[in-house]
Amino acid sequence: PEAITVQELANRMAEKGADLVKALFKMGMMVTVNQTIDQDTAELLVTEFGHNLTRVSASDVDIDTAGDVDAAETLKPRPPVVTIMGHVDHGKTSLLDALRGTDVVAGEAGGITQHIGAYQIKTKNGDLVTFLDTPGHEAFTEMRQRGANVTDIVVLVVAADDGLMPQTIEAINHTKAAGVPMIVAINKVDKPEANPQRIRERLLEHEIVVEAMSGDVQDVEVSAKNRTGLDDLIEKILLQAELMELRANPDREAEGTVIEAKLDKGKGPLATVLVNRGTLRTGDVLVVGTQSGRVRAMTDDKGRQIKEATPSMPVEVLGIGGVPHAGDTLTVVENEARAREVAAYRQELATERRTAIAPASLDTMFSALA
Ligand code: GDP
Ligand code: MG
């Protein structure tokens, strides 16, 4: 059963703890201010003191998107979101750089590369692919623990001159646990001692049967250094994406996930957000985790100011009241009052969790006391 201390209830009612103790005594209960009372007793006291009791459920205060599914006819294809994983020094960063170099837009815009935690490339055929720029298993698992499953496809990088190493195995296990399809990129094939076939054989021991071994996991030989095999890799990513029928409704208020966030000395809180569905626009009012704000400006991965961000697009958002956490969700709401209400409610919940004074539902129940 839910309980609250007499003092905590008194605070919420803006009454003296001693007065509540007195009232309880009259009701036949001998308690001190530090003792807890059950919900029924608390409700009785609230009415006794002439306050109006308003039951407030979390769904009234917070945003509930659980049942909010977009109708099939509103869904449009969206680019895949790819995470690169693999053992240290097997070439994750080099491959991310090389893939970024294949972007046809970067060339023509002459934009300066902005490291915002994710980037999007456009292929010669006009297809888009989003890469999370923060490789690492910790980021991947931490996001998943926070309920954020932003990755559609994992590219596992294995150096052909090395083999399956501890972090390779770890990446395989994480990917399997997440149920995310994998593509194996056998890197450093330019090296004379490279032995791609040995990698494929080793993968069998972990139940990964690549296409070259008549399995269904796509594999590709690349050299991040010599920039070979990159088009092949992108083609395989797009093929996998097509099989997955990745779709989202772009014509609705935006929802997204924070990829990374920081406090910029000059600009204030900055968050890189990946749009999950809807279109994020400058001027939109939002709640991000326990923070509220308004989109003052958005910057893409080429440093360009943009006014709109569509599904699977990573964008750096300026205008959030505080620094959110990686994995936090972003939701656009109708007005600032609503944004502040939701953010305040979540902040209160977070504080409660830290101090564990009273269960959340009681907290919400009495938060509406005037
Ligand atoms: P990470 O730790 O997985 O991010 O690996 P890096 O991208 O930092 O690469 C580790 C080292 O391997 C660096 O010295 C790279 O220059 C080198 N390297 C990466 N890719 C290749 C490749 O395709 N061929 C060769 N010969 N060296 C590579
Ligand atoms: Mg690296």
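Start at 1 and go down the list; that is how both ligands and their atoms are numbered.
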### Task
Tell me, with the steps shown, if Thr272 and Glu260 meet side chain to side chain donor-acceptor pair (under 3.5 Å).
CA-CA 5 Å; Thr272 295; Glu260 60 175 50; 4.6 Å; no

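With sequence neighbours excluded, the residues forming a side-chain contact (heavy atoms from CB on, under 4.5 Å) with Thr175 are Met85, Val154, Val180, Met182, listed by chain and number. Contacts of Asp231 classified as salt bridge (charged side-chain N to carboxylate O under 4.0 Å, His left out), with partners at least two apart in sequence or in another chain: Lys124.
At under 3.5 Å, a nitrogen or oxygen of Asn187, whether backbone or side chain, sits near a nitrogen or oxygen of ligand 1. Residue Leu95 places no N or O, backbone or side chain, under 3.5 Å from any N or O of ligand 1. Checked by distance only, ligand 1 and Val88 stay at 3.5 Å or farther apart across all their nitrogen or oxygen atoms.
Donor-acceptor pairing under 3.5 Å is lacking for the side chains of Ser94 and Asp97. For the residue pair Asn276/Thr257, the side-chain donor-acceptor check at 3.5 Å is satisfied.
The Mg ion (ligand 2) has no N, O or S atom of Ser94 closer than 2.8 Å.
Proximity to His87 (heavy-atom distance under 4.0 Å) selects the following atoms of ligand 1: 3 (O). The contact set between ligand 1 and Ser223, taken as ligand atoms under 4.0 Å from a residue heavy atom, comprises 23 (O). The contact set between ligand 1 and Lys92, taken as ligand atoms under 4.0 Å from a residue heavy atom, comprises 1 (P), 2 (O), 3 (O), 4 (O), 5 (O), 7 (O). Ligand-side atoms of ligand 1 in range of Ser94: 6 (P), 7 (O), 9 (O), 15 (C), 19 (C), 20 (N), range being under 4.0 angstrom from any heavy atom. Set against the non-hydrogen atoms of Lys191, the atoms of ligand 1 under 4.0 Å away are 26 (N).
The closest non-hydrogen atom to atom 27 (N) of ligand 1, taken over Met85, Lys188, His90, comes from Lys188. Among Thr228, Asp190, Leu96, Thr93, the residue whose heavy atom lies closest to atom 4 (O) of ligand 1 is Thr93.
Salt-bridge check for Glu221 with Arg200: passed, with a basic side-chain N closer than 4.0 Å to an acidic carboxylate O. Salt bridge status for Lys236 with Glu211: present, with a side-chain N to carboxylate O gap under 4.0 Å.
Grouping the Ile, Leu, Val, Met, Phe, Trp and Tyr side chains by contacts below 4.5 angstrom, directly or via other members, places Met313 apart from Leu246.
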